[in-house]
Each structure stands twice: as structure tokens, then as C-alpha cells.
Asker: 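This is the structure I want to talk about, given as C-alpha cells.
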Number of protein chains: 2
Amino acid sequence: MARKKTSREEILKHSIKLFKLNGYYNTSMANIADACGLIKGSIYHHFKSKEEIGLESLKYIHKYFEENIYSIAYRKDLSNLKRIELFVKKTDDYFLHSEGGCLLGNLALEVSSENILFKDEIRNYFLNWEKALAHILQVNYSEGKSIELAKEYVALTQGAIMMMTLYNSSESYLKVGQKIIALIK
Amino acid sequence: MARKKTSREEILKHSIKLFKLNGYYNTSMANIADACGLIKGSIYHHFKSKEEIGLESLKYIHKYFEENIYSIAYRKDLSNLKRIELFVKKTDDYFLHSEGGCLLGNLALEVSSENILFKDEIRNYFLNWEKALAHILQVNYSEGKSIELAKEYVALTQGAIMMMTLYNSSESYLKVGQKIIALIK
DNA sequence: GTCTATATCAAGATAGAC
DNA sequence: GTCTATCTTGATATAGAC
């Protein structure tokens, strides 16, 4: 009986969960291997270093948001109100089921600014989030005001996720989305 | 010539700066000792473990906020408007000059929820922040609404600090305070 | 109070057998 | 693709001299 093959994606998914719950530096290659049912040396067949796993984890989540959430802002088959409603619903669905909060928000605060690779990926994730929100808002607001509102709501969302994670309570989180929707209505 | 005596508080101040900039787990006892002009073994004369330094660092900042910021909310010599204005000014002053953002916010996202000592201290820091803000708001709003608004502004402040730290830019941060003040005016 | 020296352990990473 | 075994480094922490 052949042993189970572990894919890169599987390792990333386990790593992401551990990074979110316990932090990047506080997660070891042995922790990751354990979660995958492997021994730590085996991980190096799939990734050349822990840093590569970290960076690929950030890119993996960033890509998910691009494809499943940010893209909603540019859909031409939906009204502006439908776009913001769907955008908020998908964001809420994600973070309400995301144990440990937002990977990129967490690492934004954990990782030193000298880690340029990580910081660039994180900055682009947030910039594209802001851009997508601002694109929806621009139908009702000036360009400058749209960007300002988008920045405010991304910040508010991250703050709300921080509090939700800290208090193990989601009740206050959802109000953030309703406030963004109210801006379009 | 006697060597310089290093105080506990000096070590804490250096540790706090390093924890904020590089993270708690990514800061070693050697890093802390270097910053203090000591060798790592010497730190153990002042603190029994790294965990003690971490917890004392959280308490040190929490105490600063209690004594210099939260207390403003309960001052009877000031009008309600003056209270919120001073509260916001002191908060802004602190975070605009705080390299690396908010220690307790950073560690809230970095440290595993299994670290109960750290998490409790962080939760109380935020709860007391919310309580102080809600106390000011209660003159103009119901108790429930005051707590809701206070929670929202603490979250928004933390999100704004996250973005300020990530982008090395303080421009958007100050608007948060003005919005809280507008709630009282 | 700080130093030198060291103990102990866990981390990231590699080589080669199966 | 995963394993055993090992290397090397850096981490927390301690003992005892000055």
C-alpha cells in the first residue's frame, strides 16, 4: 500500500492555520509536519525553506481574495448595490469561519518591516482590497472620498477582526459590513 | 569606575521597542541584552524568564494608559467635550510617536490563545479602553449605544494603527480621533 | 550587577536509504 | 515522497568568578 502523497497545497493549508492561531515565528517546521502527518525533514521535499512556506501562504490567501472577493467589485453583470452586498457577504463568510483571524493582518503586525518580501505581499493585499472597495464607492462618491472611505473600512474591518479573535466573539464584527452597505444605499 | 546599573524599567523599555518592531517570538534574550549594552546571561539577574519580560512589558504599557489616558474619562474638573478632546489628543500623541504600533494590539494577533496570562492582560487593556470611552459617551448616549460606539472606535483605532504601521504613514490615523470627538460635539 | 562559560534543548536544514 | 539520521545554529536558561 503506497503512502499518501502530500500536496504543496495541503501543506500550505495546514501552515496557514498554524500561523494564524500561533503566529509565524512560534510555528516550527515540526509543528507543520505534525499537522500534515509527516516528519519535519519531509517538508523540505515540497518547500525549500520556512520562509518560502510563509510567503506562499500569504500569496495563497491573497489569491483567494482576488479571485473570490475583490473581483466582485468589477463585475459588470451586477448592480452597484448587489456588488457591495455580495462583497460584504463573502468577506463576512470568510472571516466568520476563519479561526485565528486574518493571516495577512496578523503577520502585518508580527513580522519585522525588514522582511520586505512578506511586507510587500501584505501591503498589496490591503491595497487591492482598498482599490476594490473604492471602485464600488466611486459610483456614489468622488474618487478621493471613495479611497478615503475604502481605507477607513478596511481598517475598521481589521480592527473588528482583531477584537473578534481576542474575545472569541463575532457579534460586533458583522456591523462593519452593514455600515459599508449603507454608504451605497 | 563602577559599571552602570541597569534598571528593570530600562530593560522593559528596550524590550517593548524590540517586541513592537520585530515581534515577541522573533526577539531573543540576546537581542534584548544587546539593546541594553549587556550580555544575555545578565538579563536573568533582573527577570527570571523571557515570559516574565513579555508579561511585564504588557503591564507596563497598560499601566501607562490607565494613568495617563483612561483616567481622563473620569476627571470631574473637565467638561465632557474637554475630556474627549484630551483623551484623543493623548492617544494620538502616543501612537504617532510609537514606532511599531501598539504593543498590546500586536501581541493580541501574534500570541497563541493558549497563552492565558498574555491574553488576559491584553483583553483587560482593551476592555478598560472601551469602558473609559463609553463613560464619556454616556453623557450623550444610552449605555448600550455608548458601549457599542466605544467598541467600534477602539477597533477602528487599532485598524488605523495597523495601516499606519504597514504603510509608514500617519496621515489617515488622526481622522479616527476627530470622528470620536464629533460624537460629543 | 555584570561577566565568562556552559548546559540543554529546539530550531531550520541536508544527505542518503527505502 | 517519506523516512532515519545528522549537522549546525541559535534559543532559553544556569553556575559561579569578579
Side-chain angles (χ1 to χ4, degrees), chain A residues 1-60 103 106-107 110-112 114-118, chain B residues 1-59 106-107 110-112 114-118:
Chain A
M1 174 70 182
R3 270 168 278 188
K4 190 189 165 214
K5 280 195 220 175
T6 306
S7 69
R8 262 174 87 92
E9 185 170 1
E10 246 177 290
I11 296 172
L12 283 182
K13 282 183 176 173
H14 282 116
S15 301
I16 288 163
K17 184 172 178 183
L18 289 167
F19 291 154
K20 282 196 296 182
L21 287 172
N22 302 328
Y24 173 73
Y25 293 113
N26 193 36
T27 298
S28 70
M29 294 299 272
N31 294 149
I32 293 170
D34 275 358
C36 299
L38 296 173
I39 208 146
K40 65 175 175 171
S42 305
I43 302 289
Y44 289 89
H45 176 76
H46 302 274
F47 295 92
K48 76 171 206 291
S49 66
K50 182 182 174 186
E51 193 178 28
E52 192 192 9
I53 298 181
L55 190 56
E56 290 299 314
S57 296
L58 296 174
K59 286 182 180 170
Y60 185 85
L103 176 70
N106 293 6
L107 292 212
E110 177 179 0
V111 172
S112 161
E114 277 148 45
N115 192 329
I116 292 161
L117 287 176
F118 280 29
Chain B
M1 174 71 184
R3 267 168 281 187
K4 189 189 166 212
K5 281 195 221 173
T6 306
S7 70
R8 261 174 87 93
E9 185 170 1
E10 244 176 291
I11 296 172
L12 283 182
K13 282 183 176 174
H14 283 117
S15 301
I16 288 164
K17 184 173 179 183
L18 289 167
F19 291 155
K20 282 196 295 182
L21 287 172
N22 303 328
Y24 173 73
Y25 293 112
N26 193 36
T27 298
S28 70
M29 295 299 269
N31 295 148
I32 293 170
D34 275 358
C36 299
L38 296 173
I39 208 148
K40 64 177 175 171
S42 304
I43 302 288
Y44 290 89
H45 177 75
H46 303 274
F47 296 92
K48 76 170 207 294
S49 65
K50 182 182 172 183
E51 191 178 29
E52 193 192 7
I53 298 181
L55 190 56
E56 289 299 315
S57 296
L58 296 174
K59 285 182 178 169
N106 293 5
L107 292 212
E110 177 179 359
V111 172
S112 162
E114 277 147 43
N115 191 329
I116 292 160
L117 287 176
F118 280 29

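Chain A is the first sequence line, chain B the second, and so forth, proteins listed ahead of strands; every chain is numbered from 1.
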Asker: What's the OH-C1' distance between A:Y25 and D:dT12, to the nearest Å?
Answerer: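 Rounded to the whole Å, the gap is 19 Å.
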
Asker: OP1 or OP2 of D:dT2 versus the side-chain N and O atoms of A:T6: is any pair under 4.0 Å?
Answerer: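 Affirmative; the distance criterion is met.
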
Asker: To check you understand the geometry: which heavy-atom pair defines the closest contact between A:A35 and A:L18, and what is its length?
Answerer: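 Minimum heavy-atom contact is CB-CD1, 4.0 Å.
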
Asker: Do the two ring centres, one from A:Y25 and one from B:Y24, sit under 6.0 Å apart?
Answerer: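 No, the ring centres sit 6.0 Å or more apart.
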
Asker: Please give, in whole Å, the distance from D:dT14 C1' to B:F47 CZ?
Answerer: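 It works out to 18 Å between those atoms.
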
Asker: Identify whether any heavy atom of B:T27 sits under 4.0 Å from a base atom; if not, whether one sits that close to sugar-phosphate; answer base, sugar-phosphate or nothing.
Answerer: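 It contacts sugar-phosphate atoms only.
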
Asker: Starting at NZ of B:K50 and ending at P of D:dT14, how long is that distance when rounded to a whole Å?
Answerer: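 Atom NZ in B:K50 sits about 15 Å away from atom P in D:dT14.
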
Asker: So which nucleotide from D:dT12, D:dT4, D:dA13 ends up closest to the side chain of A:I39?
Answerer: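 Looking only at side-chain atoms, A:I39 lies closest to D:dT4.
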
Asker: If I take atom NZ in residue A:K48 and atom P in nucleotide C:dT14, what distance separates them, rounded to the nearest angstrom?
Answerer: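 Nearest whole value for this atom pair: 10 Å.
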
Asker: Between C:dA11, C:dC3, C:dG1, which nucleotide gets closest to the side-chain atoms of A:K40?
Answerer: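 Of the options given, the side chain of A:K40 lies nearest C:dA11.
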
Asker: With a 4.0 Å cutoff (strictly under), does any side-chain N or O of B:H45 reach OP1 or OP2 of C:dT2?
Answerer: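 Checking B:H45 against C:dT2: no side-chain N or O falls below 4.0 Å of OP1 or OP2.
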
Asker: Could you state the CE-P distance from B:M29 to C:dT8, rounded to the nearest angstrom?
Answerer: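 Those two atoms, CE and P, are 19 Å apart.
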
Asker: Hey, are A:E9 and A:Y60 close enough side-chain-wise for a donor-acceptor pair under 3.5 Å?
Answerer: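 Yes, a side-chain donor-acceptor pair sits under 3.5 Å.
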
Asker: Just N and O in the side chain of A:Y44: are any of them under 4.0 Å from OP1 or OP2 of C:dA13?
Answerer: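 It does, given that an N or O in the side chain of A:Y44 lies less than 4.0 Å from OP1 or OP2 of C:dA13.
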
Asker: Nearest whole Å is fine: how far is C:dA11 P from A:N31 CG?
Answerer: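 So the two atoms are 7 Å apart, to the nearest Å.
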
Asker: Check the distance between C:dC3's C1' and B:H46's NE2 and give it to me in whole angstrom.
Answerer: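 After rounding, the reported distance stands at 12 Å.
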
Asker: For residues B:I53 and B:M29, report the shortest heavy-atom separation together with the two atoms involved.
Answerer: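 Minimum heavy-atom separation between B:I53 and B:M29: CD1-CE, 3.9 Å.
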
Asker: Pick base, sugar-phosphate or nothing for B:S42, based on heavy-atom distances below 4.0 Å to the nucleic acid.
Answerer: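 Touches a base.
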
